[in-house]
Amino acid sequence: VRTLTRRPSDPGTLILTSLAGGPKHGHALMKDIEEFAGVRLGPGTLYGAITRLEEQGLIAPEPEESRRRPYRLTPAGRAALADSLADLQRIAAAGAARLGWAGGLA
Amino acid sequence: VRVESLPRWYPRAWRERYGDELAALIEDEFAGRRPGARDVAAIARAGLAERVRSATLLGARGNAAERARGGALTVLAAWCATTLAGAAFAKSAEHVASSLAPARRAGAQVAYVVVVAGGVIGLVAILVGAAVAAPSAWRSWRAGRLADLRPRARVASVLVGVAALSLAGLAEWAAHLSVAQRNGADGAYAAVAVTWAVLVSAAVAGCGAWAVGVGGRCDLSRTALRAERVLAAVAALGAAAVAAGVVAWWVLMAELAPNFLSGPGAHGVAPAPLVLAATLSGAAALVALYGAARSALARD
């Protein structure tokens, strides 16, 4: 079952990518995603995606720290992220080749 | 809008799990300032989407049994809209006899009968479905699983009570008015009647929300679930018949007695109830058919 879409801006992919760098709570996730992807996820979108990812077992909660609960990537989440990134890389490589970028992706 | 009130858009079970975290995130995000209208709308939209999703009314969430039950509950929710559409249609059609010669009534009467038949068939399916789910609902109540629906039940009860009591006053007032006055010529009566209609709509919506909540907490046996699937399909077909009948009746009346639809009075009706009936019944039929299909096609 495909758990993430091929869209680079898919909130699930962005959250998994952010958590690949280590556990983070909601606000830290928002800031990190804005920094590396230039995408600002609102609180509703972020927690909608966190709910789905946790239901699918792709992320897991850590102990709460003053009402802020960090999340970490699970092994299933790491595998789903790898699949998603491989898909995106294939699409990006096809686009680069068709644009005639000699060196492929920069 | 206060920041701490924003998580209330989400369902209770979701709030119990994520509410504190979301509230903390919102506090961090807005850092003492008030969220703008766009921020509030985004959180409200996400919260309402979560409510629909957690009730398994839409989408692919849950196992086959949950999706089948969710599809049937979608039909139930749509049926509430069909009920209101039927009431609006009845208001539009109540004086048709005085505007159409008997020889020309046949087509419109067939359409009218289709609406009534669809309504009766759908209503019977809904009531049988409620009876099938009743033992499970009783077990859920005994186990305390309906406790969080008490506020919803209270609101629905109050709305039904107020609507029923105000109907007595409205009927007493209507008894002293002419047909023309009851159909828009008396502005004050029309305003009160519209207010009462809104109250009834809120009461139906309140009862529907409570019933959907109860249905969502029922663990149905496989036999009961199979019965609910069939009954959902029957109710959806009833809703579709109501919508088709309303539209056919409108088209036929426009053809046979255009004056009847020209405006309020002794021999005509205000267009608003008929427009409402057609729109609402059409939308409800589409949602009901979606729910019935989702219920019928749910497989693991």
Side-chain angles (χ1 to χ4, degrees), chain A residues 1-6 9-12 14-16 18-19 22-35 37-74 76-77 80, chain B residues 1-64 66-67 70 298-300:
Chain A
V1 178
R2 176 172 289 283
T3 51
L4 302 171
T5 73
R6 280 200 178 85
S9 60
D10 174 66
L14 294 174
I15 291 170
L16 294 187
S18 178
L19 293 182
K24 291 179 191 68
H25 59 66
H27 195 243
L29 274 168
M30 281 172 73
K31 292 291 169 204
D32 184 45
I33 289 168
E34 194 165 2
E35 198 174 301
V39 175
R40 186 187 172 280
L41 297 181
T45 308
L46 183 80
Y47 262 89
I50 285 177
T51 307
R52 307 295 166 274
L53 294 171
E54 194 186 348
E55 279 173 1
Q56 293 163 359
L58 304 183
I59 63 173
E62 298 267 274
E64 200 175 280
E65 300 164 358
S66 58
R67 293 171 65 222
R68 285 149 187 87
R69 187 185 296 279
Y71 288 87
R72 63 177 166 77
L73 206 56
T74 63
Chain B
V1 177
R2 295 202 324 268
V3 164
E4 57 269 30
S5 70
L6 289 173
R8 294 199 64 80
W9 287 98
Y10 287 80
R12 183 186 295 248
W14 192 96
R15 287 202 308 268
E16 282 169 5
R17 167 64 185 84
Y18 296 103
D20 268 358
E21 299 172 40
L22 178 65
L25 171 62
I26 292 171
E27 283 167 20
D28 288 342
E29 177 67 4
F30 294 106
R33 67 186 168 86
R34 279 179 178 274
R38 186 177 291 187
D39 301 312
V40 173
I43 291 171
R45 196 168 52 241
L48 293 174
E50 197 58 46
R51 282 180 183 274
V52 170
R53 213 179 70 88
S54 66
T56 65
L57 295 181
L58 300 171
R61 190 191 189 203
N63 58 32
E66 286 168 342
R67 292 199 303 279
R299 298 281 183 274
D300 272 328

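All values below were derived from every heavy atom in this structure, side-chain atoms included, with hydrogens, water molecules and symmetry-related copies excluded. Chain A is the first sequence line, chain B the second, and so forth, proteins listed ahead of strands; every chain is numbered from 1.
- With a 4.5 Å cut-off on side-chain heavy atoms, M30(A) and D28(B) do not count as touching.
- Heavy-atom neighbours of R8(B) CZ from other residues, nucleotides or ligands within 6.0 Å: at or below the threshold of 12.
- Residue A49(B): no heavy atom, backbone or side chain, is found under 4.5 Å from chain A.
- Between Y47(A) atom OH and I43(B) atom CD1 the span is 12.0 Å, to the nearest 0.5 Å.
- Within the 4.5 angstrom heavy-atom criterion, only side-chain atoms of R17(B), from C-beta onward, approach chain A.
- For the atom pair CD of E64(A) and CD of E21(B), the computed distance is 6.5 Å after rounding to the nearest 0.5 Å.
- For the residue pair A46(B) and G44(A), the shortest heavy atom distance occurs at CB-CA, 3.6 Å.
- Between the CD atom of E29(B) and the CZ atom of R40(A) there is a distance of 4.5 Å, given to the nearest 0.5 Å.
- A distance of 13.0 Å separates CZ in R69(A) from CG in L22(B), rounded to the nearest 0.5 Å.
- At a 4.5 Å heavy-atom cutoff, the contact between A24(B) and chain A is made by backbone and side-chain atoms alike.
- Using a 4.5 Å cut-off between heavy atoms, L29(A) does not touch chain B at all.
- When every heavy atom of E50(B) is checked against every heavy atom of T51(A), the shortest pair comes out as OE2-CG2, 4.0 Å.
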